[in-house]
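Just so we're clear, the structure is a prediction, and the values are computed from it rather than from any experiment.
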Amino acid sequence: QVQLVESGGGLVQPGGSLRLSCAASGIIFSINSMGWYRQAPGKQRELVAIVTKGGSTDYADSVKGRFTISRDNAKNTVSLQMNSLKTDDTAVYYCNVIYMSMPLGRANAVWGQGTQVTVSS
């Protein structure tokens, strides 16, 4: 079993910054990708940012230039630095990790519990 613990959400004014963190624990042989998704009320969950084991990153067009994803492979953590926040960024943010528990094993996906980010004046 692998669990994710997220932290860092909250209320911020437009133009402000927040940093989300996610830590994975459990039986982990290797982690492939780590990412952040978000879901606003009445909308589908969407990818915000993702980072591969090798460090390659990808971002939703709406957050490029404002958000930065980073990971610490030694600590199995991933962070999302969010700057210049807009009201449209308001959503529940979920951490997602694709991992293997053993060599040559199948890949598994696990989600965090979600953390609320509210951007409002």
Side-chain angles (χ1 to χ4, degrees):
Q1 294 284 348
V2 172
Q3 292 183 330
L4 304 180
V5 177
E6 303 166 353
S7 61
L11 173 64
V12 65
Q13 292 185 342
S17 298
L18 281 176
R19 185 177 181 86
L20 305 182
S21 296
C22 173
S25 62
I27 302 174
I28 300 173
F29 171 71
S30 70
I31 292 178
N32 297 342
S33 65
M34 306 182 83
W36 289 94
Y37 291 71
R38 68 186 180 187
Q39 187 166 18
K43 295 187 178 181
Q44 290 188 333
R45 190 173 297 188
E46 63 174 359
L47 174 67
V48 176
I50 192 167
V51 56
T52 67
K53 185 177 183 179
S56 298
T57 59
D58 196 16
Y59 297 89
D61 288 342
S62 60
V63 307
K64 284 181 180 177
R66 301 187 298 120
F67 291 10
T68 302
I69 191 170
S70 60
R71 65 186 279 178
D72 185 328
N73 290 330
K75 296 181 179 179
N76 290 337
T77 60
V78 61
S79 297
L80 184 69
Q81 179 65 42
M82 305 184 293
N83 299 327
S84 302
L85 283 161
K86 305 175 181 180
T87 55
D88 286 347
D89 295 319
T90 296
V92 178
Y93 284 69
Y94 296 91
C95 178
N96 173 264
V97 170
I98 308 297
Y99 70 97
M100 292 193 298
S101 294
M102 62 185 68
L104 303 180
R106 65 184 180 92
N108 300 287
V110 61
W111 291 90
Q113 78 280 7
T115 185
Q116 177 70 46
V117 171
T118 301
V119 184
S120 175
S121 55

Q) Taking S101 for the side chain and I27 for the main chain, is one N or O donor matched with an acceptor at less than 3.5 Å? A) yes
Q.
Can you give me the closest heavy-atom contact between L4 and V110, atom names plus distance?
A. CD1-O, 3.5 Å
Q | Matching residue for L18 among L11, L85, T118, D89 - test: side-chain contact (heavy atoms from CB on, under 4.5 Å) | A | L85
**Q.** For the student: nearest non-hydrogen atoms of A24 and I28, plus distance
**A.** CB-CD1, 3.9 Å
Q: Test V51 against every option in V78, D58, L80 by the side-chain contact (heavy atoms from CB on, under 4.5 Å) rule and name the one that passes.
A: V78
**Q.** Shared hydrophobic cluster, M82 / V92 (ILVMFWY, side-chain heavy atoms < 4.5 Å)
**A.** no
Q. Can V119 be reached from V48 by stepping across I, L, V, M, F, W or Y side chains whose heavy atoms are under 4.5 Å apart?
A. yes
Q) Can Q81 and S79 be counted as having a side-chain donor-acceptor contact under 3.5 angstrom? A) no
Q: Could you state whether V117 and M34 fall into the same hydrophobic cluster, counting links through intermediate Ile, Leu, Val, Met, Phe, Trp or Tyr residues with side-chain heavy atoms under 4.5 angstrom apart?
A: yes
Q | Contact summary for S84 and S17, nearest pair of heavy atoms | A | N-OG, 4.4 Å
Q) Checking side chain to side chain contact (heavy atoms under 4.5 Å, CB included) for the pair R71/K53: CA distance, chi angles, key distance, verdict? A) CA-CA 9 Å; R71 65 186 279 178; K53 185 177 183 179; 4.2 Å; yes
Q: Verify the cluster assignment for V97 and Y94: are they in a single hydrophobic cluster under the rule of side-chain heavy atoms below 4.5 Å apart?
A: no
Q. Do the side chains of N108 and V2 get nearer than 4.5 Å, heavy atoms only?
A. no
Q: Apply side chain to side chain contact (heavy atoms under 4.5 Å, CB included) to the pair L20 and R38, showing each step before the final yes or no.
A: CA-CA 12 Å; L20 305 182; R38 68 186 180 187; over 6 Å; no
Q.
Working note: D61 + K64, criterion salt bridge (charged side-chain N to carboxylate O under 4.0 Å, His left out); need CA distance, chi angles, decisive distance, verdict.
A. CA-CA 5 Å; D61 288 342; K64 284 181 180 177; 3.1 Å; yes
Q: Count the heavy atoms belonging to other residues, nucleotides or ligands that lie under 6.0 Å from CD of Q113, then report whether that count exceeds 12.
A: yes
Q. Between atom CG of L47 and atom OH of Y59, what is the distance when rounded to the nearest 0.5 Å?
A. 11.0 Å
**Q.** Candidate pair S30 and Y99, rule side chain to side chain contact (heavy atoms under 4.5 Å, CB included), full reasoning
**A.** CA-CA 6 Å; S30 70; Y99 70 97; over 6 Å; no
Q) Using the ring of each side chain (for Trp, its six-membered ring), is Y93 parallel, tilted or perpendicular to F67, with breaks at 30° and 60°? A) tilted
**Q.** Heavy-atom closest pair, residues R19 and S70
**A.** NH2-OG, 3.9 Å
Q) I98, Y37: one ILVMFWY side-chain cluster at the under-4.5 Å cut-off? A) no
